[in-house]
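In what follows, every heavy atom counts, from backbone to side chain, and hydrogens, waters and symmetry copies are set aside. Chain A is the first sequence line, chain B the second, and so forth, proteins listed ahead of strands; every chain is numbered from 1.
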Amino acid sequence: MDKTFSPADIETRWYEEWEAKNYFAPGAGEESYCIPIPPPNVTGTLHMGHGFQQAIMDALIRYNRMKGRSTLWQVGTDHAGIATQMLVERQLEAKGVSRHDLGRDQFIDKVWEWKEESGGSITQQLRRLGASVDWSRERFTMDPELSEAVKEVFVRLYDEGLIYRGQRLVNWDPKIHTAISDLEVVQEEEAGSLWHLRYPIAGSEETVTVATTRPETMLGDTAVAVNPADERYAHLIGKTILLPLTNREIPIIADDYVDAEFGSGCVKITPAHDFNDYAMGERHQLPVINILTADAHLNDDVPEPFRGMDRYEGRQAVVEAMDALGLLEKVEDHRLKVPRGDRSGVVIEPWLTLQWYVDAKKLAGPAIEAVESGAIEFVPKQWENTYFAWMRDIQDWCISRQLWWGHRIPAWYDTEGNVYVGKDEAAIRSKHGLPDKFALTQDDDVLDTWFSSALWTFSTLGWPEETEELAKFHPASVLVTGFDIIFFWVARMIMMSLHLKREVPFKQVYVHGLVRDGEGQKMSKSKGNVLDPIDLIDGIDLETLVNKRTSSMMQPQQAAKIEKATRKQFPDGIPGYGTDALRYTFYSLASTGRDIKFDLGRMEGFRNFCNKLWNAARYVLMNTEGFDPAAPSQRSEADEWILSRLQTKMTETASSIEQYRFDHAAQTLYDFVWNEYCDWYLELSKPVLWDDTSPNELRQGTLRTLLEVLETILRLMHPLMPFITEEIWQNVAPRLGISGDTIMLAQWPEADHKLINNEAEAEMEWLKSVIVAVRTIRSESNIPPAEELALILGNTVAADTARVARHTQALAKLAKVASITIAESGEEQPPTLSALAGTIEVMVPIAGVIDVDKELARLAKELDRLTAERGRLAGKLSNDNFVARAPADVVDKERAKLADIETSISSVTGQKSKMEELR
RNA sequence: AGGACCAUAGCUCAGUUGGUUAGAGCGCUACCUUGACAUGGUAGAGGUCGCCAGUUCGAAUCUGGCUGGUCCUACCA
């Protein structure tokens, strides 16, 4: 094994072997365990959020697989209707071809071509993360089987009256020319204006003023509304307005919706272009006048001069026309929430169209109940509130999209516009007895991608067929996801599964935080602060990174800024840290918060940790060459101590993983490996192994323990760091006579409570504290590390003497001590430097010149600390209330502490007065 | 507008049902190329747990209020 750990050499090699040998497929096992992957968008590339999420799922999967469960990690991608269609259209545009030139069927062929060529990049990237997904079961939402499931669901829900077609206002994306759901609209506050327009009242000189952020919509106004309680306008209710520019007369109506305090207290009502106005229009039976085309130009229902104008040209033209009439009162700056399509980025228009809807309210009831009853459990639990809040106020779900790429809606129309829903045309004809010559045309629209994703947990397992996999792996054990798609996906899966399968889709939902950059900013391409997980694994030089972050930027100005920031943050690029270090960093950050600030410094620390583990393994392997597992052996106190500690760590690790506290699991193992196994146990093994006079059985016991503890550590860490653990395990396991092709399928280590040894732990704590005390003296008095010391121990009891005898070797080696003397109580000592190990006084005779004042200052500080502590404890214990009310064991603990402090104070005081004599 | 979450060392974060001397990593200081590892070792420094009240023998932890920050949902023209 090399002196430093090089991840690049081993990762690809092991992944290929695991995949080739099909270790990822579910094995035998009574219990089953299943995680459905949140299917990444087929056009997507791996980002930090994916990296984090896959790391968590892989840890759970590997842990459960090692526990002997039949474990399925269902993998696949979704077809991302809008994103994919846009991407392929853009490629065609580059060649000067539009999708309309090609026609629907040919265009879809092109999309499939693209998918075959480039659609797999994210799945390749998943492999780099070590994700042990079952590739043999990979699914795509547009696969024939999954499409069949989609049709089945649509037909069933339609037949049950849960899917219907209706004309109403939708969120219309004028760039992509499709409806989108409420969830796909992002509302951001932007700067705008509030125009105050005067509307003349019919048969009067009077005008009313209305305020609007969208003056062009006045061309579609069909009323003006005031609050019924507003006395200022009470006399106008029932009168009419002569709507300027249009020659239309519209009523003044009263409605509670109007806020008398806002603006002028008068609102123009445009039912065709505003959701609230639409609702009011329904209440008052107002006409609905649509004034926009599909690409948001003014249509022919507006006065001639405005026809054909883009909505923003129209806005300006209307304002100018009103101003010319003297009807523009004023214009104010105004901040408002502007709705934009999350894919196109353009401003969404509420637009009247015919669309398909799912009656979500009926499906929501059981879905709420499933979480209330605990059949589905969110972790952390607080997310249930978010879920409930949304579900209890759920709106019908618009599922039709005016796209070509996706599942085409299985509905057909005859020439009279009657609707027939069925799996295909033949089925419809036979069901309704329609002859072949009776013309039927299929609906042009496709379904929302989330409609097929909502079926993911069971459609991937073969539903509607009752397959073995479905019986075994549904409901899934847990869904691992970010809180940002609780509504999009989680809620819809729950509704669909409960309705169609009559069971929950998964038993738990683990909701993790979102990965942000070191400053807590969301990582986004436009901010130029994205990190590619693959670059963190392999490393990337500065120029490539700058190029990557600034290429295909919308604004070149932004690019310069990003370049500067990138050069400043990564002057030398990013070194490759390897997958294991990246994953460990993710785990260490996976606490309960909702933001995960990714810190490169921590990642470097975990790279170092990999190296530490690697070198500890090298040490063990170097010393255990030719080790005979069958040879007689005897364990030392140190051996028993490390084994005892190990048992505790096994229990802690497993319980942390089961509670989704990967940060705790990572911390536990890091601490054990570095601060106990490496810092102490490996060091303690040296005196045994390097001393030729050590009894052979003791030496054998040490070698065995070195190997056994290491081998167990590797299995404990494997779910978190799959590659390095496999590589080392392949070398270590055979030394113990353990056979097995891969650590992946080795058994998860279970703690043996018989190996918990409190005496050994106490004894090693004692030894460590004495060694640390000597080291402290050495360090604080600048005694060279190599100088051997004569050690005197004061304030000891008989047990200490026995312990000293047992650990002479270790003390000699680890504290560089040449001799050890136990001081009799009351015995006069030469001047010494001292430190406390518990209540034991650890002393080293002063050799040569020392800085007496410095030593006195140190002792004084120590004494201050002890005295303050004594004061605190004495105060507490003299409080009758405390002694009377606090539990007895707490009081006893405080008393014992006080007694120890008293002892320490007297030894430090003694040391101090001796030191003063030297002055 | 309603709701959620967060505030602990210079930085990134842990801290179970109230009882520790409030912890870790990085960074910092001093010393050290000792036969696994300088991606290392040893020893340190560093915190009034955002602020104010309250409950309690006892509060980083529980309650209320305030300040600062993040996010979600809804939306007023």
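A:Thr867 pairs by the side-chain hydrogen bond (donor to acceptor under 3.5 Å, both in side chains) definition with nothing, not counting sequence neighbours. Scanning for salt bridge (Lys or Arg N to Asp or Glu O under 4.0 Å) contacts around A:Lys897 gives A:Glu894, with sequence neighbours left out. With sequence neighbours left out, A:Arg661 forms a salt bridge (Lys or Arg N to Asp or Glu O under 4.0 Å) with A:Asp663. Listed by chain and number, the residues in a side chain to side chain contact (heavy atoms under 4.5 Å, CB included) with A:Asp9 are A:Ser6 (sequence neighbours excluded). Considering only residues two or more places apart in sequence or on other chains, A:Asp255 meets the salt bridge (Lys or Arg N to Asp or Glu O under 4.0 Å) condition with A:Arg283.
When all heavy atoms of A:Asp274 and A:Leu169 are compared, the closest pair comes out as O-CD1, 3.4 Å. Across every non-hydrogen atom of A:Ile291 and A:Thr217, the tightest pair is CD1-CA, 4.0 Å. Across every non-hydrogen atom of A:Ser834 and A:Arg858, the tightest pair is O-NH2, 2.6 Å.
Here the separation of B:G54 from B:G18, taken at their C1' atoms, is 15 Å to the nearest Å. Rounded to a whole angstrom, the distance from the C1' atom of B:G10 to that of B:C52 is 27 Å. Taking atom C1' in both B:G65 and B:C76, one finds a spacing of 30 Å when rounded to whole Å. Comparing the P positions of B:U39 and B:U34 gives a spacing of 15 Å, expressed to the nearest Å. Atom name P, nucleotides B:U12 and B:A7: the rounded distance is 12 Å, in whole Å. B:A24 and B:A45 have their P atoms separated by 12 Å, with the value rounded to a whole Å. Across the P atoms, B:C66 and B:G19 are found 28 Å apart, a figure rounded to whole Å.
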Might you list the N or O atoms of the protein lying below 3.5 Å from N or O atoms in nucleotides 43-48 of chain B, with each pair's distance?
from	atom 1	to	atom 2	distance (Å)
B:A43	O3'	A:Thr776	OG1	3.3
B:A43	O2'	A:Ser779	OG	3.2
B:G44	OP1	A:Thr776	OG1	3.3

Report, one pair per line, the protein and nucleotides 8-12 of chain B atoms (nitrogen or oxygen only) whose separation is under 3.5 Å.
from	atom 1	to	atom 2	distance (Å)
B:U12	O2	A:Arg602	NH1	3.4

Could you run down the sub-3.5 Å N/O contacts of the protein with nucleotides 16-20 of chain B?
from	atom 1	to	atom 2	distance (Å)
B:U20	O3'	A:Lys897	NZ	3.4

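Contacts of A:Leu621 with the nucleic acid, taken as non-hydrogen atoms under 4.0 Å apart, are absent. At a threshold of 4.0 angstrom between heavy atoms, the contacts of A:Ala616 include nucleobase atoms, whether or not backbone atoms are also involved. A:Arg661 comes within 4.0 angstrom of the backbone, heavy atoms only, and of no base. Within 4.0 Å of A:Lys686, counting heavy atoms only, lies at least one base atom of the nucleic acid. Counting any heavy atom pair closer than 4.0 Å across all strands shown, A:Glu652 reaches no nucleic acid atom.
Figure legend: cation-pi geometry between A:Arg583 and A:Phe586 absent, as NZ or CZ is not positioned both under 6.0 Å from the six-membered ring centre and within 45° of its axis. Judged by a 6.0 Å distance limit and a 45° cone about the ring axis, A:Lys686 is positioned over the six-membered ring of A:Tyr619.
With salt bridges taken as basic N to acidic carboxylate O contacts below 4.0 Å, one links A:Glu329 and A:Arg198. A:Arg340 has no carboxylate O lying under 4.0 Å from a charged side-chain N of A:Glu188, or vice versa, which leaves the two without a salt bridge. No salt bridge links A:Glu604 with A:Arg602; every basic N to acidic carboxylate O contact stays at or beyond 4.0 Å. In this structure, A:Glu189 pairs ionically with A:Arg335, as a charged nitrogen and a carboxylate oxygen lie closer than 4.0 Å.
Residues from residues 664-675 of chain A with heavy atoms under 4.0 angstrom of RNA chain B, sorted by number: A:His664, A:Gln667, A:Tyr670, A:Trp674. Shown for residues 603-612 of chain A: residues whose heavy atoms fall under 4.0 angstrom of RNA chain B, namely A:Arg607, A:Asn608, A:Asn611, A:Lys612.
Judged by distance alone, the side chains of A:Thr624 and A:Arg735 do bring a donor and an acceptor atom under 3.5 Å apart. Judged by distance alone, the side chains of A:Tyr233 and A:Asn227 never bring a donor and an acceptor atom under 3.5 Å apart. Of the N and O atoms on the side chains of A:Glu658 and A:Ser655, not one donor lies less than 3.5 Å from an acceptor on the other residue. With hydrogens and angles left out, the side-chain atoms of A:Thr270 and A:Lys268 include a donor and acceptor closer than 3.5 Å.
Counting distance only, with no hydrogens placed and no angle test, the side-chain atoms of A:Glu384 and the base atoms of B:A4 include no donor-acceptor pair under 3.5 Å.
Sequence order on RNA chain B of the closest nucleotides to A:Arg618 and A:Asn385 puts A:Asn385 first from the 5' end.
Atom P of nucleotide B:U21 and atom CD of A:Glu862 are separated by 15 Å, given to the nearest angstrom. The distance from atom CG of A:Leu600 to atom C1' of B:C13 is 16 Å, rounded to the nearest whole Å.
Remark: ring of A:Trp690 stacked against base of B:G35; centroid gap under 5.5 Å, plane tilt under 30°.
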For Watson-Crick and G-U wobble pairs within 3.5 Å on both distances, what is RNA chain B written in dot-bracket notation, | included for inter-strand pairing? (((((((..((((.....[...)))).(((((.......))))).....(((((..]....))))))))))))....
Please encode protein proximity along nucleotides 70-77 of chain B as a string of B, S and -, counting only heavy-atom distances under 4.0 Å. SB-SBBBB
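Atom CD of residue A:Gln187 and atom CD1 of residue A:Ile348 lie 10.0 Å apart, to the nearest 0.5 angstrom. Expressed to the nearest 0.5 Å, how far CG of A:Leu531 lies from CG of A:Leu600 amounts to 7.0 Å.
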Apply ring pair (Phe, Tyr, Trp, His ring centres under 6.0 Å) to residues A:Phe378 and A:Trp383 and explain how you reach the verdict. CA-CA 6 Å; A:Phe378 281 70; A:Trp383 291 110; 8.4 Å; no
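Taking the six-membered ring where the residue is Trp, A:Phe609 and A:Tyr670 present tilted rings, their angle falling between 30° and 60°.
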